[in-house]
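One structure below.
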Amino acid sequence: MSIIAKTPQPPYYAVIFTSERTEGDKGYAKMADKMVELASKQQGFLGVESVRDQEGIGITVSYWESLNAIKNWKDNAMHQVAQKKGKAEWYKRFGLRVCKVERDNFFKV
């Protein structure tokens, strides 16, 4: 997977998930990989970019064709299992932002 997601011409939507992890893996890495694989099969999924620093602060941005596609992902049964485990075991705190991308520019140097 490329570090920078290849997205279509705007408009499209970005879901920005910012989190602070708890100590230890506790199955997190395996579930994170499973969620990316599952999301990539969802109708309306466009791509994902994710980073995490050594202190456990992470940002994942997923890109979607529509608000309806985002809702369908939120309501996905396996994703809901991951959300519950995240609240119970994996995150100290987290935030979610949904944005409409109206313009993008990419440069190769």
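- Put simply, the side chain of Trp90 gets close to the backbone of Lys26: a donor and an acceptor are under 3.5 Å apart.
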Under 3.5 Å, sequence neighbours excluded: what are the donor-acceptor pairs made by side chains of residues 7-15?
from  : atom 1 : to     : atom 2 : distance (Å)
Thr7  : OG1    : Tyr12  : OH     : 3.0
Tyr12 : OH     : Asp104 : OD2    : 2.7

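- Under the rule for a salt bridge (Lys or Arg N to Asp or Glu O under 4.0 Å), the partners of Lys85 that lie at least two apart in sequence or sit in another chain are Glu89.
- Heavy atoms of other residues, nucleotides or ligands lying less than 6.0 angstrom from CD of Gln43 number 12 at most.
- Going from atom NZ of Lys74 over to atom CD1 of Ile70 covers 11.5 Å, rounded to the nearest 0.5 Å.
- Looking only at distances, a side-chain donor or acceptor of Glu49 sits under 3.5 Å from a matching main-chain atom of Ala5.
- The structure places OG of Ser62 at 12.5 Å from CE of Met35, a figure rounded to the nearest 0.5 Å.
- In this structure, Arg103 has no salt bridge (Lys or Arg N to Asp or Glu O under 4.0 Å) partners at least two apart in sequence or on a different chain.
- Leu46 and Val61 fall within the same hydrophobic cluster, defined by Ile, Leu, Val, Met, Phe, Trp and Tyr side-chain heavy atoms under 4.5 Å apart, directly or through other members.
- For Lys87, the side-chain hydrogen bond (donor to acceptor under 3.5 Å, both in side chains) criterion is met by no residue, not counting sequence neighbours.
- Closest non-hydrogen pair, Arg21 versus Arg52, comes out as CG-NH1, 3.2 Å.
- Residues passing the salt bridge (Lys or Arg N to Asp or Glu O under 4.0 Å) test with Lys30: none are found, sequence neighbours excluded.
- Identified under the salt bridge (Lys or Arg N to Asp or Glu O under 4.0 Å) test for residues 53-73, with sequence neighbours left out: Lys71-Asp75.
- Applying the side chain to side chain contact (heavy atoms under 4.5 Å, CB included) test to Thr18 and every residue at least two apart in sequence or in another chain returns Ile16, Ile59, Arg97.
- Residues that satisfy the side chain to side chain contact (heavy atoms under 4.5 Å, CB included) test with Ala32, not counting sequence neighbours, are Tyr28.
- Between Phe45 and Trp73, the ring center distance fails the sub-6.0 Å criterion.
- Hydrophobic cluster membership is shared by Tyr91 and Met31, with clusters built from Ile, Leu, Val, Met, Phe, Trp and Tyr side chains linked at under 4.5 angstrom.
- When the side-chain hydrogen bond (donor to acceptor under 3.5 Å, both in side chains) test is applied to Gln83, the partners found at least two apart in sequence or on another chain are His79.
- Hydrophobic clustering (side-chain heavy atoms under 4.5 Å, transitive across Ile, Leu, Val, Met, Phe, Trp, Tyr) groups Trp64 together with Leu96.
- Under the side chain to side chain contact (heavy atoms under 4.5 Å, CB included) criterion, Ser66 pairs with Asn68, Ala69, sequence neighbours left out.
- For Lys34, the salt bridge (Lys or Arg N to Asp or Glu O under 4.0 Å) criterion is met by no residue, not counting sequence neighbours.
- Residues passing the side-chain hydrogen bond (donor to acceptor under 3.5 Å, both in side chains) test with Glu102: none are found, sequence neighbours excluded.
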